[in-house]
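If you're wondering where the values come from, they're calculated on a predicted model, not measured in any experiment. Below, chains carry the letters A, B, ... as their sequence lines are ordered, and counting in each starts from 1.
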There are 2 protein chains.
Amino acid sequence: MEAATLKDIARELNISVSTVSRALRDSYEINAETKRLVMECAARLHYRPNPIALSLKGSSSKAIAVVVPQIANYYFSQAINGIEEVANRRGYDVLIFQTHETYEREVANLRQAVARRVDGVLISLSSETSDTSHLQELQQHGMPIVQFDRVSGELNTPRVVADNFGGAFAATDHLIKTGRRRIAHLTIQPWLSITQERLAGYRAALEQNGLPYDESLVRFGTFGPDEVGPLVDELMALTPRPDAFFTASDRLALGCLAALRQRRIAIPEEVSLVGFTNLTVADMLSPSLSTVVQPAMEIGQEAVSRLLDLIELKHRAAPPTTITIPTTMVLRESSQLAVGRFEEV
Amino acid sequence: MEAATLKDIARELNISVSTVSRALRDSYEINAETKRLVMECAARLHYRPNPIALSLKGSSSKAIAVVVPQIANYYFSQAINGIEEVANRRGYDVLIFQTHETYEREVANLRQAVARRVDGVLISLSSETSDTSHLQELQQHGMPIVQFDRVSGELNTPRVVADNFGGAFAATDHLIKTGRRRIAHLTIQPWLSITQERLAGYRAALEQNGLPYDESLVRFGTFGPDEVGPLVDELMALTPRPDAFFTASDRLALGCLAALRQRRIAIPEEVSLVGFTNLTVADMLSPSLSTVVQPAMEIGQEAVSRLLDLIELKHRAAPPTTITIPTTMVLRESSQLAVGRFEEV
DNA sequence: TTTATTTGCGCAAACGTTGTCGGGAACGTT
DNA sequence: AACGTTCCCGACAACGTTTGCGCAAATAAA
């Protein structure tokens, strides 16, 4: 039962290794009876082709790499679940790599992926990555690449993203419709595509509702656990002070929630709060958190589908499109009394 | 720059492939000057040994597999971070596999790991797994294995676990010391080692404090999101009704919190609540959640260290020990007014 | 019968690497 | 001068597969 090889089958049946190989691949030049014998023997010995040898041969390795900033993150782990599901269904293995948000690890991970002869790469850029030449080079060497979530415009690949603009627009519009006028926007690193799109959606909703876009209400950064408090103080010191916070991430929303509660600022009476993405505990918080939900699993599924198409059909000719997956707004207590859902295009 | 091989270096320098191989491995039978030339050329061509070819050769693949129930889980992703850190530092790659809590995927994952020629396996059993013959067989074929977190006694390998008994004891003892007498215990699948140990700790603390162990206060199961509510109703209907809940997982604690809040049962006035493990948002909940914290990263680091020792030193002779990593109790609002920390042995 | 064609299968090369063996050159020893 | 060493290095096999080529036997066409 120790890792049967073609050779074992060949020896058992007194035929050559090549015949066994061809029989298993159902080649036309092998006798039906021989095929039957080989199949039967292979089943009996629990034969499984050795993927390592296959990779070495240079053909496909039936494995893809997914490179994400971190897996200790509900959004990414959900995306990976979607990726695995589709990939496994289509006969591929998934190798998971974490960049821990550093450029250095991203490069190292990609090198690893190449070394392990993956057939393609699915990547969500680290927040440190601004230069994408490492990926461009990879692509020029013929590696199929699909970007998702954190994408770069420099890189000419298919992209699968959530509708960040639409989600931010919907959230901001909701806040305005419920009477808010001074809406602060706390967001992440400014050079990320998702940041820009969310900011644009926020801004568009303001302008469409005839409200001014005030730069002093927008803050960028990778706020550590202790940095949100001071930031909230700073914003609340403005005149007129903000009556709503729209944050571009889980962590920021949680930080705000904690900071506001600590400062005894009533949510949503004094300040409304809306987050972005789909923290599992959002509805168990107090107050429960209104959020723009990103369909992480669906994004993963869509991205991996594109990648596998690229690998299998070699559709390099097809223009790299950007696929936008709709987001959903979930209204909870932090932005209003009523609890309900509405879909957003 | 396209994946340089030994052959490329050999051609460039007009020497044989074997000489190049030996020069790079600093063999004593290669002239110093030749070595220098080879090294220089290898650096220039960005040569990296092909791990696939190495694996095929049968030597070590410098990769280990880590098989966990799921990565969309703070505990496991932290453990993986610890594993990756130590493994990378010691020159190994980490292949991550998810069982999604099913036996079937666990078997498939292990097969995959073997096919990819990993040097060893780090595993936390799926909740469906009661029979461990697949792992025993693997082990008999010489695969180094270390279990962590969810371990089986049937399987004779090193084990790295949190001090589940101690943590549960401390939590229960804390509840008793703060005046609680009817402490319900909500826990997971009864056949898991962690379940049994936590239950034992709970029971020991009761008995040591002269309180009876009441089976009707202990509930096992994989409670879905909608099942916790009814369960809480059921427990609260008992007479005398419970004045504290001690749960064996994140999800259960959150579920209880939500269910109790919905039912307007005051925490901690009417019912105290203590969870197990280290949800990031625990201190942002309302009320913030007292928990027994498991040092996930440390458990991962310890486990992978044992595995690499097993791989490298072939210390098969050493008796498989169980390493217990201490847990910590973090007291927050859900179990009392005061907020503080104390260490637990 | 001789000559084509098909059918079924084996040989050998290749993927990148390591390890075993063997051999030539230069040196030192009898 | 013949022999034994030491020092460097190359040829070859092997890991498990796939694949192009060739070869024999059987069948078909002349």
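Side chain of A/Ser126 to main chain of A/Thr129: a donor-acceptor pair is present (N/O by atom type, distance under 3.5 Å, no hydrogens or angles). Within the 3.5 Å criterion, the main-chain N or O of A/Tyr103 finds a donor-acceptor partner in the side chain of A/Glu128. A donor-acceptor pair under 3.5 Å links the side-chain atoms of B/Ser305 to the main chain of B/Gln301, judged by distance alone. Of the possible donor and acceptor atoms, none in the side chain of A/Thr324 sits under 3.5 Å from a partner among the backbone N and O of A/Ala162. Although no hydrogens or angles enter the test, the distance criterion places a donor-acceptor pair under 3.5 Å between the side chain of A/Asp119 and the main chain of A/Lys62. The backbone N or O of B/Met297 lies less than 3.5 Å from no partner atom in the side chain of B/Asn81, so there is not a single donor-acceptor pair. Formation of a donor-acceptor pair under 3.5 Å by the B/Lys35 side chain with backbone atoms of B/Ser27 is found in this model. A distance-only check finds a donor-acceptor pair linking the side chain of A/Asp8 to the backbone of A/Thr5 [under 3.5 Å]. Judged by distance alone, the side chain of B/Ser16 and the main-chain N or O of B/Thr19 form a donor-acceptor pair under 3.5 Å. Between the side chain of B/Thr34 and the backbone N or O of B/Ile30 there is no donor-acceptor pair closer than 3.5 Å.
Note: CG (B/Leu54) to C1' (D/dC15) measures 11 Å, nearest angstrom. Taking atom CG of A/Leu6 as the reference point, atom P of C/dC11 lies 15 Å away to the nearest angstrom. Separating the CG atom of A/Asn50 from the P atom of D/dC15 is a distance of 12 Å, rounded to the nearest angstrom. Whole-Å rounding puts the A/Asp26 CG to D/dT18 P distance at 13 Å. Atoms CD1 (B/Ile52) and P (C/dT17) sit 11 Å apart, rounded to a whole Å. The CZ-P distance, from A/Arg11 to C/dG10, rounds to 15 Å in whole Å. Atom CG in A/Leu56 sits about 12 Å away from atom C1' in D/dT18, given to the nearest Å. Distance, A/Arg116 CZ to C/dT17 P: 14 Å, rounded to whole Å.
Applying the salt bridge (charged side-chain N to carboxylate O under 4.0 Å, His left out) test to A/Glu302 and every residue at least two apart in sequence or in another chain returns A/Arg306.
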Which protein N or O atoms sit under 3.5 Å from an N or O of nucleotides 5-9 of chain C?
unit_1	atom_1	unit_2	atom_2	d
C/dG8	OP1	A/Asn31	ND2	3.3
C/dC9	OP1	A/Thr34	OG1	2.6
C/dC9	OP2	A/Asn31	N	2.8
C/dC9	OP2	A/Thr34	OG1	3.2
C/dC9	N4	A/Glu29	OE1	2.8

Pull out every protein N or O sitting under 3.5 Å from an N or O of nucleotides 23-27 of chain C, one pair per line with the distance.
none

Using a cutoff of under 3.5 Å, can you pull out all pairs of nitrogen or oxygen atoms linking the protein to nucleotides 4-6 of chain D, with atom names and distances?
none

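Listed pair A/Lys7 / D/dA14 fails the phosphate criterion, with no side-chain N or O lying under 4.0 Å from OP1 or OP2. Contact annotation: B/Ser21 side-chain N/O to C/dT18 OP1/OP2 distance is under 4.0 Å.
To the nearest 0.5 Å, atoms CD1 (B/Ile71) and CG (A/Asn73) are separated by 10.0 Å.
Each of B/Arg25 and A/Ala53 was assigned the nucleotide of DNA chain C with the nearest heavy atom; the assignment lying further toward the 5' end belongs to A/Ala53.
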Carefully, step by step, assess A/Leu95 and A/Val118 under the rule side chain to side chain contact (heavy atoms under 4.5 Å, CB included). CA-CA 8 Å; A/Leu95 271 41; A/Val118 297; 4.0 Å; yes
Could you list the donor-acceptor pairs under 3.5 angstrom formed by side chains in residues 145-153 of chain B, with sequence neighbours left out?
unit_1	atom_1	unit_2	atom_2	d
B/Gln147	OE1	B/Ser152	N	2.8
B/Gln147	NE2	B/Ser152	O	3.2
B/Gln147	NE2	B/Leu155	O	3.4
B/Gln147	NE2	B/Thr157	OG1	3.1
B/Asp149	OD1	B/Tyr75	OH	2.9
B/Arg150	NH1	B/Glu101	OE1	3.2
B/Arg150	NH1	B/Leu125	O	2.9
B/Arg150	NH2	B/Glu101	OE2	2.9
B/Ser152	OG	B/Glu154	N	3.1

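When distances are taken from the side chain of A/Val17 to each of D/dT17, D/dT19, D/dG16, the shortest belongs to D/dT17.
The bend of the helix from C/dT1-D/dA30 to C/dT30-D/dA1, defined by the angle between the axes of its first five and last five pairs, stands at 70° to the nearest 10°.
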